[in-house]
Amino acid sequence: MLRATRAVRGRVIKRLVSPELFCKGVPRCDVMEGKWKYVLLEVTGGKLAKNDATEYVVHQVACAKCQNTPDKLCDRECFHKDLASPCKAAIEKCKYNVWMDGGGWITVDTEAKTMHVFGVSIAMGPADHELTSKLLAEQFPDYAVTFDEE
């Protein structure tokens, strides 16, 4: 579901937000058009504690310092853990425990309706791209979602 757009370095980026919310103001999956870093968040505790359950949230954000052109990727200043911190804090406000499981990249093409999950966070390690792809496919059934484990 296309929910909003965001200007990044003068470029308008489409944002896709899943209709299912994990907790107040936190969508289960939040991704943006183009190629951006993402983090897979593991959530326990709170309402999940009675069932000893674990849930996951996929969070991707366009860094204002990034220039995602084919010849230049994100600047080193845009670290996975820093990009995910606001989402992590919002989930913690809902009384859950949150761990950053790892990171990578997601490429989203809203015209072709495709998503591709790949890569690794140097500081955090790789996320489970297969699990991430499954979550994205569940939340965005109109999209073809693929992944590479690297």
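Counting heavy atoms from C-beta on, the side chains of V57 and V98 never come closer than 4.5 Å. Within the 4.5 Å cutoff, side-chain heavy atoms of L16 are placed close to those of Y143. Considering only heavy atoms from C-beta on, F147 stays 4.5 Å or farther from T132 through its side chain.
In terms of heavy-atom proximity, P126 sits nearest to G119 at CB-O, 4.4 Å. Heavy atoms only, all atoms of each residue included: V120 and G125 are closest at CG2-C, 3.5 Å. Contact detail for M124 and G103: the closest heavy-atom pair is CE-N, 4.2 Å. Counting all heavy atoms, side chain and backbone alike, Q139 lies closest to C29 at CG-SG, 3.6 Å. Residues C87 and L41 come closest through the heavy atom pair SG-CD1, 3.7 Å. Minimum interatomic distance between Y96 and C23 (heavy atoms only, all atoms of both residues): CE1-CB, 4.3 Å.
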TODO: Please lay out, stage by stage, how K93 and K24 fare under the test side chain to side chain contact (heavy atoms under 4.5 Å, CB included).
DONE: CA-CA 9 Å; K93 282 184 183 177; K24 186 177 181 181; over 6 Å; no

Open item on the list: One pair to check against side chain to side chain contact (heavy atoms under 4.5 Å, CB included): V58 and Y38. What are the steps and the verdict?
Closed with: CA-CA 7 Å; V58 176; Y38 90 96; 4.0 Å; yes

TODO: Given side chain to side chain contact (heavy atoms under 4.5 Å, CB included), test V145 with F140 step by step and report yes or no.
DONE: CA-CA 9 Å; V145 182; F140 304 105; 5.9 Å; no

Task: I106 vs L136, side chain to side chain contact (heavy atoms under 4.5 Å, CB included): CA-CA, chis, key distance, verdict - done: CA-CA 10 Å; I106 301 174; L136 290 169; 4.0 Å; yes

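No side-chain N or O of H116 forms a donor-acceptor pair with one of D109 less than 3.5 Å apart.
Classification of K88 and E92 as a salt-bridged pair holds, one side-chain N sitting under 4.0 Å from a carboxylate O.
Rounding to the nearest 0.5 Å gives a distance of 15.0 Å between NE2 of H59 and CZ of R28. To the nearest 0.5 Å, atom CG of residue N97 and atom OG1 of residue T54 are 10.0 Å apart. In this structure, E55 CD and E42 CD are separated by 10.5 Å, a value rounded to the nearest 0.5 Å.
Annotation for E138: atom CD counts as buried by contact number, over 12 foreign heavy atoms lying within 6.0 Å.
Remark: side-chain polar atoms of Q60 are paired, donor with acceptor, to backbone N or O of M32 under 3.5 angstrom.
Between W105 and F118, the two ring planes are parallel [angle under 30°; tilted spans 30° to 60°].
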